[in-house]
Amino acid sequence: MSLIAKMMPSVFAKGGRMPDLEKLAAIVDEAAVNAKAIPQFTNTMPEMTIEDGYDIQTRSLARRYQRGERRIGIKLGLTSRAKMLQVGVDEVCWGRLTDAMLLDDGGYLSMAKYIHPRIEPEIAFLIKTRLVGKVTEQDAFDAVEAIAPAMEIIDSRFDNFKFAVQDVIADNASSSGLVIGPWQSTKIDISNLEMVMTADDQIKQSGSSAAILGHPIRSLIKGAEMVARVGEALNPGDIVMAGGATAAHAMTRGETIRLNIQKLGSVSISAEG
Ligand code: 0L1
Ligand code: MG
């Protein structure tokens, strides 16, 4: 039994049945730092709520900020049917992005830093003006400076990528990295663009941007509303990842993953050999 598994019975505050959120935040943060999977929290704490999950996420991100990481935006998760089906969770969620997660377009990622990394095809928004709370589609479009092809690296800290919605929220919505292609004009219609993700030129996933909540701008609307619930906002310069348009691809050493999005261009990353 792992050390973390042994610790699990002691994560209840003051010997009661209330989970000690600070302790859980430390456990999930250390799992990410050490690239070591942990048992799903809700196995031992089925009473954990979605609010607990976001509270744990906030606390675990605070640990990263204390180590010097800087928040650069947010990601929306589980915004397409394909993604929901892949992990068996059907609730849109969000997580925070930090500068330490940003990878170079055309660069490399070190597989040793991850447990079981997957990659997914997305669209990223660059925020121009503050966006928060309930906003209209027009408000959301007006707040965008630029749009880019992007890929997210997700790496659930839970064994075998198995989790309930509360777990995955606590785990920063599995977010582990992002790679952004060249920023493009907001004049491009992103409602229904073909998205093709290849590994060493073999197609691994393909779909349409319409699979992201019917239109990727809806992820931005959802993001503005969800961050407001915890007193945050989308601020100028923030990056917002709209969520995977298809199921994610499990990465293997040595391969180069490329995403081509019709009209938006391409972005790539290689897993070190
Ligand atoms: O970005 C995503 O859609 C992933 C959210 C978390 C679920 C997963 O790990 O696939
Ligand atoms: Mg994603």
Side-chain angles (χ1 to χ4, degrees), residues 31-36 61 64-65 67-77 83 95-127 145-157 161 171-185 188 190 193-207 209 212 216 237-273:
V33 169
N34 300 322
K36 279 250 177 296
L61 265 288
R64 295 192 200 194
Y65 301 148
R67 290 195 294 269
E69 290 183 39
R70 186 174 54 82
R71 178 193 174 284
I72 57 166
I74 68 158
K75 57 95 35 105
L76 276 298
K83 279 294 314 179
R96 279 97 166 180
L97 305 170
T98 76
D99 57 344
M101 295 162 68
L102 195 55
L103 300 161
D104 290 336
D105 181 18
Y108 285 85
L109 66 76
S110 163
M111 293 290 280
K113 291 188 180 161
Y114 303 88
I115 302 165
H116 38 207
R118 296 178 178 176
I119 189 162
E120 51 194 27
E122 305 212 7
I123 284 175
F125 296 103
L126 182 62
I127 301 300
E145 172 85 46
I147 307 163
M151 294 187 287
E152 186 188 20
I153 292 95
I154 50 172
D155 191 34
S156 175
R157 268 54 68 158
F161 249 100
D171 183 23
N172 201 25
S174 302
S175 203
S176 295
L178 67 154
V179 54
I180 310 275
W183 290 107
Q184 307 288 351
S185 163
I188 297 170
I190 55 167
L193 299 178
E194 184 183 46
M195 300 173 67
V196 179
M197 194 169 72
T198 58
D200 295 335
D201 300 324
Q202 303 285 312
I203 294 178
K204 293 296 176 187
Q205 294 290 341
S206 64
S209 58
I212 304 168
D238 276 0
I239 293 167
V240 177
M241 296 287 281
T246 70
H249 164 73
M251 297 189 79
T252 57
R253 268 175 212 283
E255 67 183 3
T256 294
I257 310 292
R258 179 176 300 278
L259 168 66
N260 286 301
I261 306 185
Q262 186 190 1
K263 296 185 186 163
L264 276 189
S266 68
V267 56
S268 73
I269 191 90
S270 299
E272 69 174 8

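- Residue A247 comes nearest to P121 through the heavy atom pair O-CD, 4.3 Å, listed as atom of the first residue, atom of the second, then distance.
- Closest approach of F125 and A242 over heavy atoms only: CE1-CB, 4.0 Å.
- In terms of heavy atoms, A148 sits closest to P182 at CB-O, 3.7 Å.
- Heavy-atom neighbours of Y65 OH from other residues, nucleotides or ligands within 6.0 Å: above the threshold of 12.
- In this structure, the side chain of S174 does not engage the main chain of I154 through any donor-acceptor pair within 3.5 Å.
- Taking every heavy atom of both residues into account, A271 and M251 meet most closely at CB-CE, 4.0 Å.
- The structure places CG of N172 at 11.5 Å from OG of S156, a figure rounded to the nearest 0.5 Å.
- Here OG of S268 is found 5.5 Å from CG of D105. Values are rounded to the nearest 0.5 Å.
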side-chain contact (heavy atoms from CB on, under 4.5 Å) for T246 and E120? Distances and angles first, verdict last. CA-CA 7 Å; T246 70; E120 51 194 27; 5.5 Å; no
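- Here the side chains of R67 and V33 are in contact, with some heavy-atom distance below 4.5 Å.
- Looking at E122, its side chain does come within 3.5 Å of a backbone N or O of G243 through a donor-acceptor pair.
- In summary, the side chains of E152 and S175 do present a donor paired with an acceptor at a separation below 3.5 Å, with no hydrogens or angles considered.
- Using a 4.0 Å cut-off between a side-chain N of Lys or Arg and a carboxylate O of Asp or Glu, R258 and D201 do not qualify as a salt bridge.
- One finds the CG atom of N260 at 6.5 Å from the OG1 atom of T198 (value rounded to the nearest 0.5 Å).
- Here the shortest heavy-atom pairing between Q205 and A248 reads NE2-O, 4.1 Å.
- A distance of 14.0 Å separates CD1 in I153 from CZ in R118, rounded to the nearest 0.5 Å.
- Judged by distance alone, the side chain of R157 and the main-chain N or O of D171 form a donor-acceptor pair under 3.5 Å.
- Between E255 and A199, the shortest heavy-atom distance links the atoms OE1-CB, 3.5 Å.
- Here the side chain of D155 pairs a donor or acceptor atom with the backbone of I115 at under 3.5 angstrom.
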Residues L102, I180; criterion side-chain contact (heavy atoms from CB on, under 4.5 Å); working and verdict: CA-CA 8 Å; L102 195 55; I180 310 275; 4.1 Å; yes
Evaluation steps, side-chain contact (heavy atoms from CB on, under 4.5 Å), between M151 and I269: CA-CA 9 Å; M151 294 187 287; I269 191 90; 4.1 Å; yes
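- One distance of note links CG of L109 with CE of M101; it measures 12.5 Å at 0.5 Å rounding.
- Here the straight-line distance linking atom CD1 of I239 with atom CD1 of I74 works out to 11.5 Å at 0.5 Å rounding.
- In this structure, the side chain of S209 engages the main chain of L193 through a donor-acceptor pair within 3.5 Å.
- Between the side chain of Q184 and the backbone N or O of L264 there is at least one donor-acceptor pair closer than 3.5 Å.
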What verdict does the side-chain contact (heavy atoms from CB on, under 4.5 Å) test give for K263 and I190, after you've listed the backbone C-alpha separation in whole Å, the side-chain angles of each residue and the deciding distance to 0.1 Å? CA-CA 9 Å; K263 296 185 186 163; I190 55 167; over 6 Å; no
